[in-house]
Visitor: 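Sharing a structure, written as structure tokens. Questions coming.
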Amino acid sequence: MLFTAPPDPVLEHPSDGRKMRVLYSEEQIAARVGELGRELRAELGPGEITLLCVLKGAFMFTADLARAMSGPLHVEFLGVRSYGDETTSSGAVQITHDLTAPIEGKHVVLVEDIVDTGLTVRYLLDTLRARGPASLRVCTLFERPSAGSPVRPEHVGFQLQGHEFIVGYGLDWAQRLRNLPYVAEIETR
Ligand code: IMP
Ligand code: MG
């Protein structure tokens with residue numbers, strides 16, 4: 001089931017005077033992450049799965065997703081920078097930390113925080129496919145369908161309805177606010 005309706009907006013705390021409101025509570029996120037973990041295991045079967053965490057944004061999601069999955073599991077990290085300190089896509093993708101183990105013959109799940117324009121995930125899929133995984137799929141906590149991504153992730157936690165910029169649960173605004181345990185919309189001005 002896809003959750004699309006946010007809870008009633010609650011004014012949380014201001015950051016530099018910017019207004020924020022909670023869109024997804026800790027409880028909502030935990031429930032959906034649990035479902036995604038079970039969904040991945042059901043689709044990929046009982047064998048070994050490699051969760052490939054796209055840093056930095058997906059670190060918290062990956063940690064919870066891994067705990068929501070039973071059976072043999074490996075975790076790898078890929079450091080990627082697709083944004084400067086701005087809130088709009090630059091289109092440029094830079095790998096800042098590569099995998100430490102080959103993924104050839106592995107069942108790989110690329111774990112993303114958000115698929116926005118899809119430029120990042122498209123670049124990563126092209127790069128990773130060339131390394132010969134047995135299967136490769138995308139699990140993203142958030143998707144912004146209105147941004148017109150050329151890639152449709154197989155597993156999506158929540159779809160964002162508009163162009164709201166979100167922070168928390170690993171997602172940043174200028175490297176800040178990743179530590180919020182919930183996801184909030186932040187005023188970008
Ligand atoms: P894309 O290449 O445009 O799909 O951008 C993907 C990356 O942009 C994500 O992994 C995030 O790091 C970042 N991003 C896009 N939208 C947001 C947002 O609303 N909040 C925080 N980061 C975002
Ligand atoms: Mg980011």
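Note that these values count all heavy atoms, side chains included, but never hydrogens, waters or copies made by symmetry. Residue numbers start at 1 and run along the sequence shown.
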Visitor: Determine whether L52 and L128 satisfy the following criterion, side-chain contact (heavy atoms from CB on, under 4.5 Å), listing intermediate values before the conclusion.
Guide: CA-CA 10 Å; L52 207 167; L128 295 168; 3.9 Å; yes
Visitor: So how far is it from E187 CD to K19 NZ, rounded to the nearest 0.5 Å?
Guide: 5.5 Å
Visitor: The test is side-chain contact (heavy atoms from CB on, under 4.5 Å); show your working for D113 and V54 and say whether it passes.
Guide: CA-CA 8 Å; D113 54 354; V54 182; over 6 Å; no
Visitor: With a 4.5 Å limit on heavy-atom distance, are the side chains of V93 and T120 in contact?
Guide: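 Counting from C-beta outward, V93 and T120 do come under 4.5 Å.
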Visitor: Could you grab the distance from atom NE2 of H163 to atom OG of S146, nearest 0.5 Å is fine?
Guide: 3.5 Å
Visitor: Mind checking the CD1-CG spacing from I114 to L171? Nearest 0.5 Å is all I need.
Guide: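 Reported to 0.5 Å precision, the distance equals 6.5 Å.
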Visitor: For N179 and Y169, which I'm curious about, is there any donor-acceptor pair between the side chains at under 3.5 Å?
Guide: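 Y169 and N179 do not have a side-chain donor-acceptor pair below 3.5 Å.
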Visitor: Heavy-atom distance under 4.5 Å between the side chains of L65 and L36, does that happen here?
Guide: yes
Visitor: Considering non-hydrogen atoms only, spot the tightest contact between A68 and G34 and give its length.
Guide: CB-CA, 4.0 Å
Visitor: Is the shortest side-chain heavy-atom distance between K56 and R178 below 4.5 Å?
Guide: yes
Visitor: With a 3.5 Å distance limit and no angle check, can you tell me whether R176 reaches the backbone of D172 through a side-chain donor-acceptor pair?
Guide: no
Visitor: What do the steps show when you test I166 against I186 for side-chain contact (heavy atoms from CB on, under 4.5 Å), and what is the final call?
Guide: CA-CA 6 Å; I166 57 172; I186 187 165; over 6 Å; no
Visitor: Counting only N and O atoms by type, is there a donor-acceptor contact under 3.5 Å from the side chain of E35 to the main-chain atoms of V33?
Guide: no
Visitor: Determine the minimum heavy-atom distance between E112 and V121, stating which atoms define it.
Guide: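 Reported closest heavy-atom pair: CG-CG2, 4.4 Å.
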Visitor: How would you list, by chain and number, every residue that makes a ring pair (Phe, Tyr, Trp, His ring centres under 6.0 Å) with F142, sequence neighbours excluded?
Guide: Y24, F158
Visitor: Any side-chain heavy-atom pair from E48 and H107 closer than 4.5 angstrom?
Guide: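 Not in contact.
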Visitor: Are any side-chain N or O atoms of R41 and backbone N or O atoms of S70, one a donor and one an acceptor, separated by less than 3.5 Å?
Guide: yes
Visitor: Between E185 and R21, is there a side-chain N and carboxylate O pair less than 4.0 Å apart?
Guide: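 Here E185 pairs with R21 in a salt bridge, since their nearest N and O are under 4.0 Å apart.
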Visitor: Can you find a pair of side-chain heavy atoms, one from L40 and one from H155, that are under 4.5 Å apart?
Guide: yes
Visitor: Just wondering, do C139 and F61 contact through their side chains at under 4.5 Å, heavy atoms?
Guide: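 Of all side-chain heavy-atom pairs linking C139 with F61, at least one is under 4.5 Å.
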Visitor: Is L44 close to V109 at the side-chain level, that is, under 4.5 Å between some pair of heavy atoms?
Guide: yes
Visitor: Do you know which two heavy atoms are closest between P181 and E26, and how far apart they sit?
Guide: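 Closest heavy-atom pair between P181 and E26: O-CG, 3.2 Å.
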Visitor: Go through the steps for T50 and V75 under the test side-chain contact (heavy atoms from CB on, under 4.5 Å), then give the verdict.
Guide: CA-CA 6 Å; T50 301; V75 181; over 6 Å; no
Visitor: Could you check whether any side-chain N or O of E154 sits under 3.5 Å from a backbone N or O of V138, counting only pairs where one atom can act as donor and the other as acceptor?
Guide: yes
Visitor: How close do A134 and G105 get, heavy atom to heavy atom, and via which atoms?
Guide: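 Here A134 and G105 meet closest at CB-O, 3.4 Å.
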Visitor: Within the distance-only criterion (no hydrogens, no angle test), does the side chain of R32 pair as donor or acceptor with the backbone N or O of V156 below 3.5 angstrom?
Guide: yes
Visitor: Please check if the number of heavy atoms outside R122 that lie under 6.0 Å from its CZ is greater than 12.
Guide: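 No, CZ of R122 has 12 or fewer neighbouring heavy atoms, counting only those of other groups under 6.0 Å.
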Visitor: Which is it for D126 and R131 under the salt bridge (charged side-chain N to carboxylate O under 4.0 Å, His left out) test, yes or no, and what are the steps along the way?
Guide: CA-CA 9 Å; D126 288 347; R131 302 186 190 188; over 6 Å; no
Visitor: Assess whether salt bridge (charged side-chain N to carboxylate O under 4.0 Å, His left out) is satisfied between R152 and E143, documenting all intermediate values.
Guide: CA-CA 9 Å; R152 296 308 309 268; E143 180 190 31; 3.1 Å; yes
Visitor: Hey, could you give me the CD/CZ distance between E43 and R137, rounded to the nearest 0.5 Å?
Guide: 5.0 Å
Visitor: If I take atom OG1 from residue T140 and atom CD from residue Q159, how far apart are they, to the nearest 0.5 angstrom?
Guide: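 The CD atom of Q159 is 10.5 Å from OG1 of T140, to the nearest 0.5 Å.
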Visitor: Roughly how far, to the nearest 0.5 Å, is the CG atom of L180 from the CE atom of M20?
Guide: 5.0 Å
Visitor: Hey, does V80 have a side-chain heavy atom less than 4.5 Å from the side chain of L124?
Guide: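 They are in side-chain contact.
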